[in-house]
Each structure stands twice: as structure tokens, then as C-alpha cells.
Amino acid sequence: MSGRLQGRTAFITGAGSGIGRAAAELFAAEGAAVAVADLRGDAAAETVEKITTAGGTAIALSVDISAADQVADAVERTVREFGGLQLLYNNAGVDSSGSVADTTEDDWDRCFAVNAKGTYLCSRAAIPHLRTAGGAIVNQASVAGLVGVPNFAAYCAAKGAVVSLTRSMAVDLSPQGIRVNAICPGTVFTPLMEPMLRARGGGDLDAGLAKTLLKYPIGRLGTPEEIAKVALFLCSDESSFMTGSIIAADGGMTAQ
Ligand SMILES: NC(=O)c1ccc[n+]([C@@H]2O[C@H](COP(=O)([O-])OP(=O)(O)OC[C@H]3O[C@@H](n4cnc5c(N)ncnc54)[C@H](O)[C@@H]3O)[C@@H](O)[C@H]2O)c1
């Protein structure tokens, strides 16, 4: 354990699966006490089990990040449990398929409620604590917030909002000693992306994967652990001069 986050508490949303779970395990291995927040309490508890089995410290929180009261309660419980809060990783997100012509209003609203509003609500609840601690926030955007991805209209728009919000928060929060950066991952094989990959292959997952790989100069998809390492860097003192940065971790997808 190298302890790059020793003595700090991290609140990680969507930490019951995929990238969020990988980050929760990595942050705990680096010495952080981790609040594992997820809509699915059972999934959050599984992540906590993995962390505590490995000798780390974590609590599971069942929370819908699009609900202000639930977010406020979860942040307060974290502070009560661990005595403070220094790091927020706004990772939870949902996808939404379709172009503007065939995206339903419900899908649009859900996509914005979780990806954009959830980021705002968790940040708002955490900021008073981060302010006293000189903390850091990492927002999970996406390559879809930087370029147009076919049939992903609501998701592209919501992740674009996260990119803009990151810059706005960095400007507002710098005087308070809080750094805010965003990660734009390329495609990582997680439960979130499987339906999109299947749809891209006309129902055939392998065909969808092959089509997707054509967009990736590096010749493969990313892993949750690779994105978690970027989040660790942005939460650690190693990135102390970085705020308002939008970091693509995408195997060269947006370099073309
Ligand atoms: N996987 C990719 O290819 C990829 C690429 C770019 C960006 N991202 C972003 O990375 C983040 C994590 O994605 P992932 O691939 O690990 O997904 P995932 O589906 O494996 O995990 C997302 C987690 O978020 C939780 N969640 C969903 N809605 C929530 C809510 N309202 N409140 C609290 N938790 C909620 C889910 O229960 C799930 O455990 C998302 O923001 C996603 O948009 C993923």
C-alpha cells in the first residue's frame, strides 16, 4: 500500500459497478476511507466487502444521486462516519440511446437527472466539507462530451454539460482551494456499455465490439482500472497544479 490518499475520505458515486468500483478499490488500497455510494445498495455492499476483505475501510450508501435529500443525507453520514470529506468522484452515470429524432423525453430527462444534475447535487452537498479540507472533485464526463457519437444524443448532451460544469466549478472553487477536473473515458467494457455495443452490432455483441474498435487507434477498449488510475492521479497531490482540466483517457479516439 503506497498510501497516496492516506488520511483522506473519498465519496465515490456509482461505486457498485464498473469504473466506480475499480476506483473505490484503488482509492482504498491507497489509504482512503471510501464512501461507496450507489443506487443499488446491494452492489455498494459488494464493493465494501471487497475493500474490507483486502484490509481497507469503506461504508456502503444506498443513494439516488438525482435526489437532493438522499445526496445530502449520504454526504452527512460520510462526514459523521469518517470525520471529514476531502475527495468527491462524481462517477455515477446512465446512458441513453437514440438520435434526437427518437430519444424519448423520459430518456432525455433521466440522462440529465443522473449525469448532469447528480454531479451538481453531489458537488453542492460536498463543497462545504471540501472547502475546509482543500479537497478535490473529479467529474466523470466521456468522449461523448467532446465529439458526436452516433445515436447517443441525450448522453452526448449530458456529458457535454459535465465538461462545461467542470470548467465553471474550477473557476468558482479555486479561491476556496478546491480543484475540479474531468475525465473523458473512451469505451470501457462495463455493464453500462454492453447494450450500446450490442445495438451497434445489430444485436451481435462481437460485431458491435469489432465496429467500435475501428475508432480506437490503440486497438482495444479501456479497462475500469485504467480510468480509476486517472481518477487517483486527479485526486492526489501529484496533480496539485491541475484544475479545470478535461482529460481524455480514450486510446486515441478523440485524437483523430
Ligand atoms: N463504460 C464506458 O465505456 C464509459 C465511457 C465513458 C464514460 N463513462 C462514464 O463512466 C461512469 C461509470 O460508468 P460504468 O461504465 O462504470 O457504468 P456501470 O453501469 O458499470 O456503473 C454505473 C453505476 O452507477 C450506478 N448508478 C446509476 N444511476 C445512479 C443514480 N441515480 N444514483 C447513484 N448511482 C447510480 C449504477 O447502479 C452502477 O452501479 C458513468 O458516468 C459513465 O457515463 C463510461
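Whatever order the structure lists ligands and atoms in, that order sets their numbers, starting from 1.
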Could you pull out all donor-acceptor pairs under 3.5 Å where a side-chain atom in residues 156-164 meets a protein atom, sequence neighbours excluded?
| unit_1 | atom_1 | unit_2 | atom_2 | d |
| --- | --- | --- | --- | --- |
| Lys159 | NZ | Asn115 | OD1 | 3.4 |
| Lys159 | NZ | Gln140 | O | 3.0 |

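- For Glu105, the CD atom is loosely surrounded, since the number of other residues' heavy atoms within 6.0 Å does not exceed 12.
- With a 4.5 Å cut-off on side-chain heavy atoms, Thr57 and Ile51 do not count as touching.
- Protein residues with a heavy atom under 4.0 Å from ligand 1 are Gly14, Gly16, Ser17, Gly18, Ile19, Asp38, Leu39, Val63, Asp64, Ile65, Asn91, Ala92, Gly93, Val94, Val114, Gln140, Ala141, Ser142, Tyr155, Lys159, Pro185, Gly186, Thr187, Val188, Thr190, Pro191, Leu192, Met193.
- For residues 151-172, the pairs satisfying ring pair (Phe, Tyr, Trp, His ring centres under 6.0 Å) are Phe152-Tyr155, with sequence neighbours left out.
- Of the N and O atoms on the side chains of Thr47 and Arg21, at least one donor lies less than 3.5 Å from an acceptor on the other residue.
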Exercise answer: donor-acceptor pairs, residues 193-202 side-chain atoms, under 3.5 Å, sequence neighbours excluded:
| unit_1 | atom_1 | unit_2 | atom_2 | d |
| --- | --- | --- | --- | --- |
| Glu194 | OE2 | Arg198 | NH2 | 2.7 |
| Arg200 | NH1 | Thr212 | OG1 | 2.8 |

